[in-house]
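These notes are about the structure you will find just below.
All ligand and atom numbering here is 1-based and tracks the order in the structure.
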Amino acid sequence: MTLDEHVADGHGHAVVIGASLAGLTAARALANFMDRVTVVERDWVPRGAGRRRGVPQARHTHGLTTAAQHGLELLFPGILGELADAGAVVVRMTEDVLLLGPAGWLPRAESNLSSLSASRDLMDALIRDRLRADPKVTFLQQHDAVLLEPGQQDTVTGVWVRGRDRRVPGGWGERRLLVADFVVDATGRASRAPQWLAELGYVPPRDTTVESRTAFATAVFAPPVGHVADWKSLLLTPAPGHPACGMLNPVEGGRWSVSVCSGDGSRPPTDHTGLLRAAGALRDPLLHDVLQAATPLGPVYSCGPSGNRWRHYEKLRRWPDQFLVVGDAVVALDPAHGQGMTVAVHCALVLDQLLAAHGTAVGLGYRVRRAIAHRLSPVWEASTRALRAAHGEQDPRAGGWRARLGRRYAARIAAAAATERAAANLLLQQLQNAAAPSAALRPAVVRAALRGPRAPVAAGPPSSTHGPNTARIARRQTGRPDTPPLREHPHGQPAVGTGVALHRPSSSPTIR
Ligand SMILES: Cc1cc2nc3c(=O)[nH]c(=O)nc-3n(C[C@H](O)[C@H](O)[C@H](O)COP(=O)(O)OP(=O)(O)OC[C@H]3O[C@@H](n4cnc5c(N)ncnc54)[C@H](O)[C@@H]3O)c2cc1C
């Protein structure tokens, strides 16, 4: 479709700027109500799971929280099944995870939380395919949105875009107006909406920011030949005095996406020697030992700290109706908390609900801005609390007596989590930023915190296949002294429920 066709009339036409997760999910919500939706994307928009320069973070390990899974399924019914068919893996917490919490390994138990693990390229590709199948939705790739077109009485009537043109200096062609009745900015952290608003004479929003010291290094691996494990995923969280963390997530094709995060502002490793060294410096040698036998399938990608930023659009009194900002462009959370896609899905659900209730009547922009702020507030609070707690752990005097008391209570909950279900569940909820602040005061959690762990905390991971407890747990599970029958898993995927110790960890890692 040519640009002129897009420009044709503009009646019932929504333009979404940005074709990453916030833009794709917003386009889905809008397509239910508008005549047409055009998704403008500066980068190329591949068919299938192609890598995009516009989403560099896609190289890093991504998991979809339980809340985001539910929301995505509401927006795109059947999408979770399609993702699973394409190789995405549901990781149940903690049945499928060896999770080293702040004070020890968490027991393997049922909870109602899971993380959906796949490469980010695959997730975006399947969602894009769904939208492509909708005749109302069109992608306008290689087009950069540069400015809003103002209408009368605080409205916008379109977006100025310029197409990529390598023949001209700067690489972009002339500006053209894309007429629209509703415009959504989903351009991520680098969103220029504040400048666009200022150019139209509006007051730009105030930002709240909380800095982070966490940098990431990620690489994809093939598991060792014959790898058998009773887990699918590894997660080694930070702890007081140990700000680094590591994770191994299964992704499509039987591969592992592995990230190691510094938490002290240090530069992330940029090669495999450095990545292995960083894994060896974690609180437990498990990730290092597993990686030592795995085969790297590509380079190590790194990315620096980013932190939390909230652009308070909901506080602005004057605002162009029919304009909206969603996703990272409004609330960007520290990647260490794995919430960015949840934010995007929440924004789309709010838009969907308010369009269903009020249509595109005057005042929609105001309602949606307020409702998005309300919906994102708990996840922002939880993520910000976690960042401040991490800062406090590095500086024990930070935050005054209340903060110190809070940290001591959190430490007791973390210690109790090794044997107390209520405390372990709270830690899991906090990992997904799904716990209200009052959750820490539930009677069962308070009892667990006061009582502490009921038994000595296990020195190694609760696994019959990995770690120093391997032989003991295998004997307990099988009733036999050693080597229970081997169960191969199809496609080389980590097997669940096998009791075989094919991988023996080094008692002291080679690189520490
Ligand atoms: C290391 C790391 C790990 C992460 N892990 C997780 C995780 O496990 N779970 C999770 O939920 N989140 C995770 N995130 C966060 C997640 O990647 C982001 O929150 C999410 O991608 C934000 O989506 P978005 O659509 O708002 O913005 P983006 O993904 O940033 O997309 C913005 C899009 O807009 C386009 N664009 C920009 N400007 C223009 C313009 N002027 N005109 C046209 N198009 C434009 C860009 O090309 C891009 O396609 C992680 C992030 C990082 C950095």
Please set out all donor-acceptor pairs under 3.5 angstrom arising from side-chain atoms of residues 201-208, sequence neighbours excluded.
from, atom 1, to, atom 2, distance (Å)
Y202, OH, D154, OD1, 2.7
T208, OG1, H312, NE2, 2.6

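- Using a 4.0 Å cut-off between charged nitrogen and carboxylate oxygen, D144 and R192 count as a salt-bridge pair.
- Among T187, V146, V16, the residue whose heavy atom lies nearest to atom 36 (N) of ligand 1 is T187.
- The shortest heavy-atom distance from R53 to ligand 1 is not under 4.0 Å.
- Protein heavy atom nearest atom 8 (O) of ligand 1, with residue, atom name and distance: G63 N, 2.9 Å.
- Of the protein's heavy atoms, H62 CD2, 3.4 Å lies nearest to atom 6 (C) of ligand 1.
- Across the listed options S20, G338, S257, G338 owns the non-hydrogen atom lying nearest to atom 10 (C) of ligand 1.
- In this structure, of A19, A332, G54, the residue bringing a heavy atom nearest to atom 48 (C) of ligand 1 is G54.
- Each of R52, R59, R51 was scored for a salt bridge (charged side-chain N to carboxylate O under 4.0 Å, His left out) with D121, with one residue passing: R51.
- The protein heavy atom nearest to atom 20 (C) of ligand 1 is R120 NH1, 3.7 Å.
- Heavy atoms of A344 stay at 4.0 angstrom or farther from ligand 1.
- Taking the six-membered ring for Trp and the full ring otherwise, the centers of H227 and W256 sit less than 6.0 Å from each other.
- For atom 46 (C) of ligand 1, the nearest non-hydrogen atom from the set R42, E41, M341 comes from E41.
- The side-chain tip of R176 does not point at the ring of W160 from less than 6.0 angstrom away and within 45° of straight on.
- Shown here for L30 and A14, the closest heavy-atom pair between the two residues is CD1-CB, 4.0 Å.
- Heavy atoms of R52 found under 4.0 angstrom from ligand 1 belong exclusively to the side chain.
- Between T360 and Q322, the side chains place no donor N or O within less than 3.5 Å of an acceptor N or O (distance only, hydrogens not considered).
- Atom 51 (C) of ligand 1 has P335 CB, 3.6 Å as its closest protein atom, hydrogens excluded (heavy atom only).
- Ligand 1 does not have T65 within reach: every non-hydrogen atom of the residue lies 4.0 Å or more from it.
- Taking the six-membered ring for Trp and the full ring otherwise, the centers of Y366 and W319 sit at least 6.0 Å from each other.
- Every residue meeting the salt bridge (Lys or Arg N to Asp or Glu O under 4.0 Å) condition with D134, not counting sequence neighbours, appears here in chain and number order: R28.
- Not one N or O of F216 is nearer than 3.5 Å to an N or O of ligand 1, by distance alone.
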